[in-house]
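The figures that follow rest on heavy atoms only: side chains count, while hydrogens, waters and symmetry mates do not.
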Amino acid sequence: MQNIYNIVAELCSTVISSCTEDFFVRYSCVSKTERLRVRALIAAHVPALFADSNSFFIVQLTSSLLTDDFFSALRSLCDTLQKACDYFAIVGLVQILDEALETLLREQIAQFQEDDFSVVLNTNREATGIGLLPRCSCVWERKHRLSHSYNRMDNFLFNMLLMENSILGELIDKHFFLKKTLFPHFATQKMLTVAATPLRLERGFSVQAYDEDKVQYFKIAYDDADFAAENELVWQKILTAASKKSDIIVFPEMLGNSEMATFISARLTSLTTEEQQNIPSLIILPSYWQNKRNTVTILDKFGTIVCKQSKQNPFRVETDGSSYLEGIDPSLVVNIFHYEGIGRMAILICKDFLTTKYMEQLMRCFKLTLIIVPSFSTGSYDFRQSFDLCAHDDCNVVWINTCAALEKGKEANFENVGYIRKRISRNADEAQTLCNMPICGGAFTGTCAHDCLFIENISGV
């Protein structure tokens, strides 16, 4: 049996490579007469796509319907449309296939949930420059997301996620369809409860400068600290978040250690099945700087390491009139988490979020609906400026900083140590769009009780 997604990718590639942006503007207002012409043409060649030739009611394709005769007819139609450069009909055919494949795509999501990670549905990604995946819905995302702002092929697809290599560039995408059981209450509540903590005032590391190949860099050297105490603090935060019925807990950047992921995983696996159900479904541990990588480990509630996300864009710090670049080697791998109702989540570590081109690459290529930003920053202003870019794209943001980044003379930058930027209903109070996480007074006097944990709900619109 041929791969029907290869055909969809081929058709999309034809339109994208052949048509200007103006074509998508005009197609967004296609006339009823033209729509009927296209449907009649498709029905004449591939009648199996419709219940009957009069109503043009699109059927749900099943594996049993994808016969050799079906593919032969579809292939003949595609060749005819491409030879005639009938781009209105090609987009119309893609839309019909997007609707007809909905049931199969839902089945594919269920299969992907059983895999460690997922590859795209089509096998011709390199040749077409197009990757296709099932598109998980999101309760706070508009159906016609940004169709008035961006004129692109994926404006006309709802069940397939279309990813263009030209937008992704040299980045390598890796996809995780999270198990349906991971967020047991989401299906009924349509709400995600997020816990975030600045963790602590103590740094536990030093910043060391060095020169290499004509450039000034800095690296992180961790103290010979009591890892057991650090790890226990993180564990207690997880337990507190569990008591607040949190679905996700997020820690800041840089405050991890070489033993933390193993310690937390062991604690989780030692719990009973009943106890595990109360733990936050996803745990985004503090990042750990090692061997020119600044990496976040993501665990699920069962203690399994889902994946590790490395920072891609180095931070630049200025000290005494000199600039130093964070000495990291980007992995180029970006992990995307998919979940029905939540959509698509990604973790952008500090400077990754502030690097607008990179952030927009991910947001627009994968239609992200939630970005999680662990940070170690001396200020929040630049992050707040980027929040609105995400809100414009129906993408919520969780940003958590740490009091450990506080520097003398920059106390005014630390009125808040975290924010959650939410898309809300047009009739809701605008004040609800930005949820503040205020810093405690002890941070300015050098005392830390280690008890800060902020809880916020992100719900449907």
Side-chain angles (χ1 to χ4, degrees), residues 192-205 225-257 259-261 263-265 267-268 278-289 294-301 309 345 347-350 353 370-380 383-384 396-406 413-422 434-444 446-458:
L192 194 65
T193 301
V194 179
T197 173
L199 194 56
R200 63 177 194 253
L201 182 62
E202 303 83 12
R203 288 197 175 187
F205 63 82
D226 183 359
F227 289 165
E230 293 179 357
N231 296 338
E232 186 61 32
L233 175 61
V234 169
W235 176 242
Q236 291 304 317
K237 294 293 185 185
I238 293 170
L239 293 180
T240 303
S243 71
K244 304 292 185 182
K245 302 186 184 303
S246 301
D247 298 301
I248 297 176
I249 182 168
V250 186
F251 292 91
E253 183 188 17
M254 306 277 271
L255 300 185
N257 62 57
E259 301 173 3
M260 185 174 290
F263 176 87
I264 298 300
S265 178
R267 281 294 184 94
L268 291 168
N278 296 321
I279 296 292
S281 299
L282 284 182
I283 300 165
I284 292 85
L285 289 178
S287 77
Y288 176 58
W289 209 106
N294 186 353
T295 305
V296 165
T297 299
I298 299 94
L299 297 169
D300 66 19
K301 66 173 69 176
Q309 178 63 60
M345 300 175 278
I347 297 169
L348 278 68
I349 304 172
C350 204
F353 183 72
L370 179 62
I371 295 176
I372 295 172
V373 188
S375 176
F376 187 101
S377 175
T378 57
S380 62
F383 293 93
R384 290 186 61 177
N396 293 333
V397 180
V398 177
W399 174 71
I400 184 64
N401 197 13
T402 174
C403 311
L406 179 62
N413 296 342
F414 276 80
E415 179 183 359
N416 292 293
V417 74
Y419 294 98
I420 293 184
R421 179 61 164 87
K422 300 190 292 187
L434 192 63
C435 305
N436 303 334
M437 303 180 196
I439 194 170
C440 73
F444 300 120
T447 58
C448 183
H450 301 150
D451 58 1
C452 291
L453 184 73
F454 302 93
I455 309 292
E456 188 60 47
N457 296 323
I458 301 175

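Between Ser246 and Ile455 the shortest side-chain heavy-atom distance falls below 4.5 Å. Side-chain contact between Phe383 and Phe353 is present, with heavy atoms from C-beta onward closer than 4.5 Å. Side chains of Ile400 and Val373 form no contact here, defined as non-hydrogen atoms less than 4.5 Å apart. Residues Cys452 and Cys440 form a side-chain contact, since some pair of their non-hydrogen atoms from C-beta on lies under 4.5 Å apart. Side-chain atoms of Pro280 and Ile248, non-hydrogen and from C-beta on, never get closer than 4.5 Å to each other. Considering only heavy atoms from C-beta on, Val250 stays 4.5 Å or farther from Phe454 through its side chain. The shortest distance between side-chain heavy atoms of Val397 and Ile372 does not fall below 4.5 Å. At a threshold of 4.5 Å between non-hydrogen side-chain atoms, the residues Met260 and Phe263 do not count as touching.
Closest of all the heavy-atom pairs between Ala443 and Leu406 is O-CD2, 3.5 Å. Contact detail for Arg200 and Cys448: the closest heavy-atom pair is CA-SG, 3.9 Å. In terms of heavy-atom proximity, Ala241 sits nearest to Ile249 at CB-CD1, 3.7 Å. Pairing each heavy atom of Leu285 with each of Ala261, the nearest pair is CD1-CA, 3.7 Å. Between Leu199 and Lys237 the shortest heavy-atom distance is CD1-CG, 4.1 Å.
For the atom pair OG (Ser375) and CG (Asn401), the distance works out to 4.5 Å, reported to the nearest 0.5 Å. The CD1 atom of Ile264 lies 11.0 Å from the OG1 atom of Thr297; values are rounded to the nearest 0.5 Å. A distance of 10.5 Å separates CE in Met254 from CD1 in Ile349, rounded to the nearest 0.5 Å. We find the OG-CD1 distance between Ser287 and Ile284 to be 12.5 Å, quoted to the nearest 0.5 Å. Remark: Met437 CE to Trp399 CH2 distance equals 9.0 Å, nearest 0.5 Å. Between Glu230 atom CD and Leu255 atom CG the span is 8.0 Å, to the nearest 0.5 Å.
Between the side chain of Asn257 and the backbone N or O of Glu259, at least one donor-acceptor pair lies under 3.5 Å. No donor-acceptor pair under 3.5 Å is formed between the side chain of Lys422 and the backbone N or O of Glu456. Here the side chain of Asn436 pairs no donor or acceptor atom with the backbone of Pro438 at under 3.5 angstrom.
Ion pairing between a basic and an acidic side chain is recognised when a charged N comes within 4.0 Å of a carboxylate O; Glu232 and Arg267 show such pairing.
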Can you check side chain to side chain contact (heavy atoms under 4.5 Å, CB included) on Gln309 and Thr295, steps first, answer last? CA-CA 6 Å; Gln309 178 63 60; Thr295 305; 6.0 Å; no
Go through Ile420 and Ile458 one step at a time and tell me if the side chain to side chain contact (heavy atoms under 4.5 Å, CB included) criterion holds. CA-CA 9 Å; Ile420 293 184; Ile458 301 175; 4.2 Å; yes
Starting from the C-alpha separation in whole Å, work towards a yes-or-no answer on side chain to side chain contact (heavy atoms under 4.5 Å, CB included) for Leu282 and Leu299. CA-CA 6 Å; Leu282 284 182; Leu299 297 169; over 6 Å; no
Tell me, with the steps shown, if Ile371 and Asn396 meet side chain to side chain contact (heavy atoms under 4.5 Å, CB included). CA-CA 6 Å; Ile371 295 176; Asn396 293 333; over 6 Å; no
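Here the options are Phe251, Trp289, Phe205, the test is ring-ring contact (aromatic ring centres under 6.0 Å, His included), and the partner is Phe376; only Phe205 passes.
Under the side chain to side chain contact (heavy atoms under 4.5 Å, CB included) criterion, Asp247 pairs with Phe183, Leu192, Thr193, sequence neighbours left out.
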